[in-house]
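A quick note: this is a predicted structure, and the numbers were derived from the prediction, not measured.
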Amino acid sequence: MEKQVDISLRTSGAYGIGNFSFNTLYHSVQVLVVLVRGIEWLIYSTWFVGDNLSNLMQYVGASEKVFQMMDLAPSQQFTSKGSKLQNLKGLIEFVNVSFSYTSREIFGLSGSGKSTIVNLLLRLYEPTNGQILIDRHPLNNMEIKWLRKRIGYVGQEPRLFQMDVRSNIAYGCTRDVTEEDIEHATKQSYAHDFISSLPEAYN
């Protein structure tokens with residue numbers, strides 16, 4: 001125990017002397033630096049700029065891409081005046097339509113074309129040949145904004161928000177939604193009976 005105490009005392013003494021010496025030297029250097037007009041701050045600032053230069057270049061590169069996007073002219077789809085159907089029934093016809101992506105001329109083995117059909121209906125892509133008709137009217141003659149507002153999409157794994165069923169159904173609609181509208185939508189999608197069987201139904 002005496003040997004252990006002796007070692008501890010010597011270790012503590014050495015640590016204290018070393019710490020005292022370091023702090024004395026450090027603060028002496030600080031005083032010296034202040035006397036020579038703050039060179040330490042200049043060095044630190046230079047180091048800080050250099051350390052953040054890579055982040056700065058990333059931000060510059062990203063902003064260049066944003067400005068390039070902002071400078072792009074609107075697509076002809078949005079500038080051309082298209083037609084609007086008065087009584088939309090939703091009869092969709094693909095007449096001799098063929099299509100291939102520019103990056104690959106064949107489809108992936110996992111796909112059966114559902115996403116491609118949706119993309120063609122939204123006019124995110126145009127058919128290679130043939131035409132798409134809605135209620136006997138050519139798709140590419142319709143006003144694109146009007147068309148896209150009338151296309152709904154239900155994913156295979158829908159995401160539900162932490163709110164009641166009614167609010168989840170009405171979410172994203174740009175007009176006031178009535179109770180009749182919600183029930184009509186659920187009956188069309190065969191969900192009304194299931195929702196009604198819940199303890200609080202639409203609530």
In Å and rounded to the nearest 0.5 Å, what is the [atom1] to [atom2] distance from [X] to [Y]?
{"X": "F20", "Y": "Y15", "atom1": "CZ", "atom2": "OH", "answer": "14.0 Å"}
{"X": "E180", "Y": "I182", "atom1": "CD", "atom2": "CD1", "answer": "9.5 Å"}
{"X": "I134", "Y": "I132", "atom1": "CD1", "atom2": "CD1", "answer": "8.0 Å"}

Subject >> Fellow cluster residues of I17, listed by chain then number, with links counted only when side-chain atoms sit under 4.5 Å apart >> reply: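 Via sub-4.5 Å side-chain contacts, I17 links to none.
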**OP:** Only pairs at least two apart or in different chains count here, so list each salt bridge (charged side-chain N to carboxylate O under 4.0 Å, His left out) that has a residue in residues 119-132.
**Re:**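 Residue pairs passing salt bridge (charged side-chain N to carboxylate O under 4.0 Å, His left out), neighbours aside: R123-E126.
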Subject >> Joint cluster assignment, L120 & L133, ILVMFWY side-chain distance < 4.5 Å >> reply: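 L120 does not cluster with L133.
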Counterpart residues, side chain to side chain contact (heavy atoms under 4.5 Å, CB included), relative to [X] (two or more places apart):
{"X": "S12", "value": "none"}
{"X": "I151", "value": "L121, L122, L147"}
{"X": "H137", "value": "L85, D135, M142"}
{"X": "F67", "value": "S63, M70"}

Original post:
With sequence neighbours left out, what residues match Y190 under ring pair (Phe, Tyr, Trp, His ring centres under 6.0 Å)?
Top reply: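 Ring pair (Phe, Tyr, Trp, His ring centres under 6.0 Å) list for Y190, sorted by chain: empty.
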Original post:
Would a distance-only check, ignoring hydrogens and angles, find a side-chain to backbone donor-acceptor pair under 3.5 Å from N168 to V165?
Top reply: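 Not a single qualifying donor-acceptor pair exists.
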**OP:** Quick one: do D193 and K187 satisfy salt bridge (Lys or Arg N to Asp or Glu O under 4.0 Å)? Show the steps, please.
**Re:** CA-CA 8 Å; D193 293 339; K187 288 175 181 177; over 6 Å; no
Original post:
In this structure, are over 12 heavy atoms from other groups packed under 6.0 Å from M69 atom CE?
Top reply: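 Counting neighbours around CE of M69, 12 or fewer heavy atoms of other residues, nucleotides or ligands fall under 6.0 Å, so no.
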Listing, residues 86-97 side-chain donor-acceptor contacts under 3.5 Å, not counting sequence neighbours, or none:
from: E93; atom 1: OE1; to: R136; atom 2: NH1; distance (Å): 2.9
from: E93; atom 1: OE2; to: R136; atom 2: NH1; distance (Å): 3.1

Subject >> Contacts of N23 that satisfy side-chain hydrogen bond (donor to acceptor under 3.5 Å, both in side chains) - sequence neighbours left out >> reply: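 Applying side-chain hydrogen bond (donor to acceptor under 3.5 Å, both in side chains) to N23 gives N19.
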Subject >> Sequence-distant partners of K84, salt bridge (Lys or Arg N to Asp or Glu O under 4.0 Å), two or more places apart >> reply: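 Expected list: E143.
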**OP:** With sequence neighbours left out, write down each residue that passes salt bridge (Lys or Arg N to Asp or Glu O under 4.0 Å) with D164, or none if nothing qualifies.
**Re:**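 D164 satisfies salt bridge (Lys or Arg N to Asp or Glu O under 4.0 Å) with no other residue.
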Would you list the atom pairs, donor with acceptor, under 3.5 Å between side chains in residues 195-203 and any protein atom, with sequence neighbours excluded?
from: S196; atom 1: OG; to: H192; atom 2: O; distance (Å): 2.8
from: S197; atom 1: OG; to: F194; atom 2: O; distance (Å): 2.5
from: Y202; atom 1: OH; to: T186; atom 2: OG1; distance (Å): 2.7
from: Y202; atom 1: OH; to: H192; atom 2: ND1; distance (Å): 2.8
from: N203; atom 1: OD1; to: R166; atom 2: NH1; distance (Å): 2.7

